[in-house]
Amino acid sequence: MGFLFTAAEILISLLCILLLGLLSAVALEAYRRRHNHAHLEAPPVFEDPNSLKKVQCPSIFDPAEKYLSLIVPAYNEEHRLPSAIDETMNYLQQRPAKDKSFTYEVIIVDDGSKDETTRVAFNFVKKHTVDNVRVILLGRNHGKGEAIRKGMLHARGELLLMLDADGATKVNDLEKLENQIYVVARQDFHYGDSASNDSSFKISDIPIAAFGSRAHLEEKALATRKWYRNFLMKGFHLVVLLTAGSGIRDTQCGFKMFTRAAARKLFANVRLKRWCFDVELVFLSKWFGIPMVEISVNWSEIPGSKVNLLSIPNMLWELALMSVGYRTRMWKIHS
C-alpha cells in the first residue's frame, strides 16, 4: 500500500513539475515577444522584374493610393497559386467597367517557400506590372500571420482584404464584405450623411473589420468529418471563446477585410505569427472598439491544406501566449 502511495506521489510531483515548466515556458516566450509589435526590421522594397529597379515600400501609415489591396500569403503554393491569382486578376480587371474610379493592387507575400512559388509570383508581376501586383519575400518561413501582417503594413488600399492562396473562397465575395463595411459606416458613423458630410472624410478613415464566415456550412461539415476532427474543432472553439470572447463564430476563415484605419491599429500590434493571429485580431478589435461584422461566404475544400493534427498544439501554444501576454499586461497595446 505504501508503495502505491509513493508511486502516486512521484507521479503527481512529476505532473506538477511538468505543468510548472510549461507555464514558465509560456511566460518567458510571452515576455520575449513583448516588443514584437514594434517590427524594427529594415523597410522592405519591391523589385520590378521588368526593369530590375527597386520600388520603395509604402507604409500603412501613409495616405491610401489605391481603393483596394488584396494580400495573399503563400508558402509552397506553386501549384495552387496560379489559378487563384488568375481568377482574382480576372475579377479585378473587369470591375473598372462598372466603376471607373476603382483601383487595386495584389500583394503576394512569399513566406519562405522552398518550391517555385517565388518564380510563379514574379511571373504575375511581369504580366500585370509592379503597380498592380507586388511580391514581398520574407526569406524564411515565419507563419501565415506574419506574412499577412507584412502585406498589410505595406499596402496602399483604402480597403484591405486578406485571402488564402488556394482560392477556397471566390474572390467576388469580397463585395459582400465591402458592402457590409459601408452599411456599418453609414449606421454607426453617419458616413455619406449629407447633413454632416465632409468631402475629405473617406471610408479608409473609419475603423471597421468584416470577417468572412463558413459558420453556415458547419452542420454539413459536422456530418461528413471524422469524429475526432469534430471533437478537436469544438475544443478549439471553446478555447477561442475563453481567450477572445464571443462575437465571431468562425475566427479562422482566411477571408477578411479591414478599412485602412482598422488595419493600422490591428496589424501594428498583432504578435502571433501563425494560425491563431485571427483570434488575436478579434481580441484587438474588441479592445479598440472596432466594429466587427461576420458575413457568410462561399467556400469549398481545396486539396493541399497546411492545417493538420500537428497544427493543434501550435494553436494552443499561441492562444496560451496571447492569454498570458495580454492578461499580465506584458503585451502593451499601442494606438
Side-chain angles (χ1 to χ4, degrees), residues 60 68-73 88 143-145 147-149 151-152 155 157-189 191 203-204 206-219 221 233 236-272 274-301 305 307 315 318-319 322:
I60 189 68
L68 180 65
S69 294
L70 295 88
I71 290 86
V72 184
T88 298
K144 179 182 176 181
I148 290 173
R149 181 196 69 81
M152 290 281 178
E158 293 185 47
L159 299 177
L160 299 90
L161 176 77
M162 52 175 268
L163 67 164
D164 291 337
D166 59 4
T169 302
K170 296 300 180 184
V171 67
N172 58 0
D173 270 3
L174 70 84
E175 293 182 24
K176 296 180 180 179
L177 279 63
E178 180 185 2
N179 292 337
Q180 281 300 308
I181 282 178
Y182 278 94
V183 168
V184 173
R186 287 191 291 268
Q187 291 178 346
D188 294 5
F189 300 92
Y191 178 77
I203 193 66
S204 58
I206 307 171
I208 304 172
F211 291 71
S213 175
R214 305 158 298 180
H216 61 294
L217 303 172
E218 185 173 344
E219 185 175 338
M233 182 196 71
F236 178 75
H237 285 176
L238 176 61
V239 174
V240 168
L241 183 65
L242 294 173
T243 306
S246 60
I248 300 296
R249 293 175 62 195
D250 181 9
T251 60
Q252 301 309 111
C253 180
F255 201 75
K256 297 179 175 68
M257 182 179 284
F258 308 90
T259 61
R260 194 169 187 83
R264 281 173 179 156
K265 293 176 180 288
L266 298 174
F267 290 96
N269 281 286
V270 71
R271 289 171 170 84
L272 298 184
R274 295 193 179 273
W275 302 113
C276 287
F277 80 100
D278 305 82
V279 181
E280 189 178 9
L281 290 174
V282 173
F283 176 87
L284 289 170
S285 294
K286 290 183 177 182
W287 194 93
F288 282 114
I290 296 174
M292 296 180 291
V293 288
E294 187 171 12
I295 303 101
S296 297
V297 295
N298 296 305
W299 184 86
S300 54
E301 185 81 44
S305 172
V307 182
M315 290 178 176
E318 287 200 324
L319 290 175
M322 177 183 141

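Along the sequence shown, residues carry numbers from 1.
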Is any side-chain heavy atom of [Y] closer than 4.5 Å to one of [X]?
X    : Y    : answer
K256 : L160 : no
L70  : V171 : yes
F288 : N269 : yes
V183 : V293 : no
L284 : R271 : no

Distance-only, no hydrogens or angles: does the [X] side chain make a donor-acceptor pair with backbone N or O of [Y] under 3.5 Å?
X    : Y    : answer
T259 : I208 : yes
Q180 : A210 : no
K286 : M292 : no

E178: which residues meet the salt bridge (Lys or Arg N to Asp or Glu O under 4.0 Å) condition with it, sequence neighbours left out?
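Partners of E178 under the salt bridge (Lys or Arg N to Asp or Glu O under 4.0 Å) test: R95.
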
Return the set of residues passing salt bridge (Lys or Arg N to Asp or Glu O under 4.0 Å) with K265 (not counting sequence neighbours), or none when no residue passes.
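K265 satisfies salt bridge (Lys or Arg N to Asp or Glu O under 4.0 Å) with no other residue.
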
Which residues pass the side-chain hydrogen bond (donor to acceptor under 3.5 Å, both in side chains) test with R264, not counting sequence neighbours?
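For R264 there are no side-chain hydrogen bond (donor to acceptor under 3.5 Å, both in side chains) partners, ignoring immediate neighbours.
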
By side-chain hydrogen bond (donor to acceptor under 3.5 Å, both in side chains), which residues pair with K176, not counting sequence neighbours?
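Scan of K176 (side-chain hydrogen bond (donor to acceptor under 3.5 Å, both in side chains), adjacent residues dropped) gives none.
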
Looking at [X] and [Y], what are the two nearest heavy atoms and their distance?
X    : Y    : result
A263 : I60  : CB-CD1, 4.1 Å
A185 : I206 : CB-CD1, 3.9 Å
D164 : K144 : OD1-NZ, 2.9 Å
A209 : F258 : CB-CD2, 3.7 Å
F277 : L272 : CB-O, 3.4 Å
E294 : D250 : OE2-N, 2.9 Å

Verify side-chain contact (heavy atoms from CB on, under 4.5 Å) between F211 and L177, making sure each step is shown before the conclusion.
CA-CA 7 Å; F211 291 71; L177 279 63; over 6 Å; no

Nearest 0.5 angstrom please: [X] [atom1] to [Y] [atom2], how far?
X    : Y    : atom1 : atom2 : result
N179 : I295 : CG    : CD1   : 9.5 Å
S213 : I248 : OG    : CD1   : 8.0 Å
E175 : M257 : CD    : CE    : 9.0 Å

Non-neighbouring partners of E158 that pass side-chain contact (heavy atoms from CB on, under 4.5 Å), sequence neighbours left out:
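side-chain contact (heavy atoms from CB on, under 4.5 Å) check on E158 returns A64, Y67, K202, I203, S204.
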
Partner residues of T169 under the side-chain contact (heavy atoms from CB on, under 4.5 Å) criterion, sequence neighbours left out
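D173, F255, V297, W299.
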
